[in-house]
Amino acid sequence: MFLNTLRKLTALNSLVFLLIFIAFTSIIYGYVSFRLFDKVDNAMWSQADSFRLLSGRVVPVRGRPLFDPRIFLLLRSTDGRIINPNPFRTAETGNIGEIASTIKLGEVQTREYEGHVYRVMSFPYLHEDNFWGNDSRFQVREIIAVSIVDSETELLSNLFWITLGGGIISMISIVLAGYFLAKRAMIPIQAAWEKQQQFVSDASHELRSPITGIYSNAELMLRHPEHTIEEESHRINTIMKESMRMTKLISSLLTLARSDANKAELQLAPVNISEVIEAVVGSFKSMEEINNLTLTVNVKPNLELIADKERLHQLMVILLDNAFKYTPPGGKVHISCFQTDKHVIISVQDTGCGISPENLPRVFDRFFRGDKARSRESGGIGLGLAIAKWIVEKHKGKIGVESELGRGTKFTISIPVTHT
Ligand code: ADP
């Protein structure tokens with residue numbers, strides 16, 4: 001799939017470049033060609049015009065034209081005969097006369113003749129009563145100007161081959177560079193796609209186990225219709241537990257999916273973080289006794305920051321829940337919160353089982369669980385810390401973890417007071 005996209009992207013890039021190149025070089029070629037021939041045409045027209053004015057006994061306004069030895073003037077009579085009015089150039093008349101013979105009145109031609117390129121133009125003579133020299137039968141109808149344009153056509157031909165060569169070299173470079181750049185651009189897209197695929201497969205895998213639990217327990221209950229609810233209470237209990245687990249999993253998946261799609265916006269408002277922590281600690285008080293843990297709190301009162309209250313509550317629940325889950329009876333959990341110059345610093349520390357150094361960099365990964373059996377037993381799905389990290393980063397803060405196996409773990413969060 002990616003190879004196909006890569007090819008399409010390269011082809012599209014190259015095509016766009018090719019079109020720009022063709023348009024650009026066509027404009028340059030067209031402009032140079034127009035300018036070159038325009039100059040020649042003007043010179044031919046001006047020479048023919050001056051001749052006409054002189055021979056028509058009208059004094060030219062601009063004086064005598066600049067004599068261009070490349071331009072050759074011929075006269076054509078009303079009956080189609082061609083003569084050379086410049087006797088000092090008679091040697092050239094033969095060939096030039098042949099070149100001029102095909103031109104029609106008012107036409108412009110560029111034609112090749114015996115290895116040379118000529119520009120030929122025909123102008124009306126305009127003086128009807130004019131007979132050339134002593135020849136009373138040669139009534140002049142047209143002036144034909146012929147100019148050799150070898151240097152202009154050679155320049156154009158050189159320009160053509162240079163642009164063609166440059167175009168081919170540029171095209172090869174663009175295809176190679178386009179392929180290389182597209183490949184580089186695809187790396188993060190491919191990584192994100194693979195991550196998403198992994199997420200979907202992990203999620204389906206995680207959803208399968210509670211569904212299997214619910215289905216098998218319900219099936220077993222159906223096999224004994226005579227059993228009372230009391231007799232089946234352990235199965236009903238398992239179904240309820242698995243349903244709860246599935247609800248939690250779906251809600252976590254939804255949060256992460258929304259975060260991926262950038263659809264989970266924060267409801268920002270001034271929040272008293274000290275009160276949020278106190279509230280979460282209050283809800284864990286009963287757990288303290290059940291788990292035989294000591295929960296101590298050192299939170300500076302009335303610390304305020306601009307944040308999403310619900311998300312901060314969720315963040316504290318995730319961290320405290322983990323601290324309780326992974327700290328054996330008799331252990332301690334400590335929460336602290338204070339403010340520095342521009343940040344609120346929250347830390348949750350426990351004296352639990354700790355995290356091994358090789359697992360430490362992976363704890364924020366989705367579906368990562370250090371001890372799968374233990375985590376699952378305590379209702380863990382491996383998404384808590386991924387959500388915690390997203391919440392902190394969405395608040396433009398940072399989350400870090402320090403841990404020592406067998407001694408305990410400390411999560412530290414730093415969130416800016418103003419969300420700017
Ligand atoms: P889970 O639902 O498995 O707890 P989390 O994303 O919250 O998922 O945590 C990921 C993993 O990080 C856990 O499975 C556990 O191995 C490790 N972990 C998280 N918090 C602690 C802690 N306080 N002490 C020890 N290990 C922890």
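As a basis for the values below, the full set of heavy atoms in this structure was taken, side chains included, without hydrogen atoms, waters or symmetry mates.
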Sequence neighbours left out, what pairs pass salt bridge (charged side-chain N to carboxylate O under 4.0 Å, His left out) with at least one residue falling in residues 215-229? none
Counterpart residues, salt bridge (Lys or Arg N to Asp or Glu O under 4.0 Å), relative to Arg76 (two or more places apart): Glu142
Can you name the residues that form a side-chain contact (heavy atoms from CB on, under 4.5 Å) with Leu12, not counting sequence neighbours? none
Please list, chain by chain and in numerical order, all residues satisfying ring pair (Phe, Tyr, Trp, His ring centres under 6.0 Å) with Tyr215, sequence neighbours excluded. none
Using salt bridge (Lys or Arg N to Asp or Glu O under 4.0 Å) as the criterion, list what pairs up with Asp41, not counting sequence neighbours. Arg119
The criterion is ring pair (Phe, Tyr, Trp, His ring centres under 6.0 Å); which residues satisfy it with Phe324, sequence neighbours excluded? Phe284
Sequence neighbours excluded, which residues qualify as ring pair (Phe, Tyr, Trp, His ring centres under 6.0 Å) partners of Phe17? Phe21
Salt bridge Glu152-Arg70, side-chain N to carboxylate O under 4.0 Å: yes
Listed once per pair and sorted, the salt bridge (charged side-chain N to carboxylate O under 4.0 Å, His left out) pairs that draw on residues 384-395, sequence neighbours left out: Lys389-Glu393
Which residues share a side chain to side chain donor-acceptor pair (under 3.5 Å) with Glu154, sequence neighbours left out: none
Can you sort out the partners of Glu402 under salt bridge (Lys or Arg N to Asp or Glu O under 4.0 Å), two or more places apart, ordered by chain and number? none
For Ile277, all residues meeting side-chain contact (heavy atoms from CB on, under 4.5 Å), sequence neighbours excluded: Ile273, Val281, Val299, Met316, Ile335, Cys337, Ile346
Is a salt bridge present between Asp260 and Arg366, judged by a nitrogen-to-oxygen distance below 4.0 Å? yes
Listed partners of Lys104 passing salt bridge (Lys or Arg N to Asp or Glu O under 4.0 Å), at least two apart: none
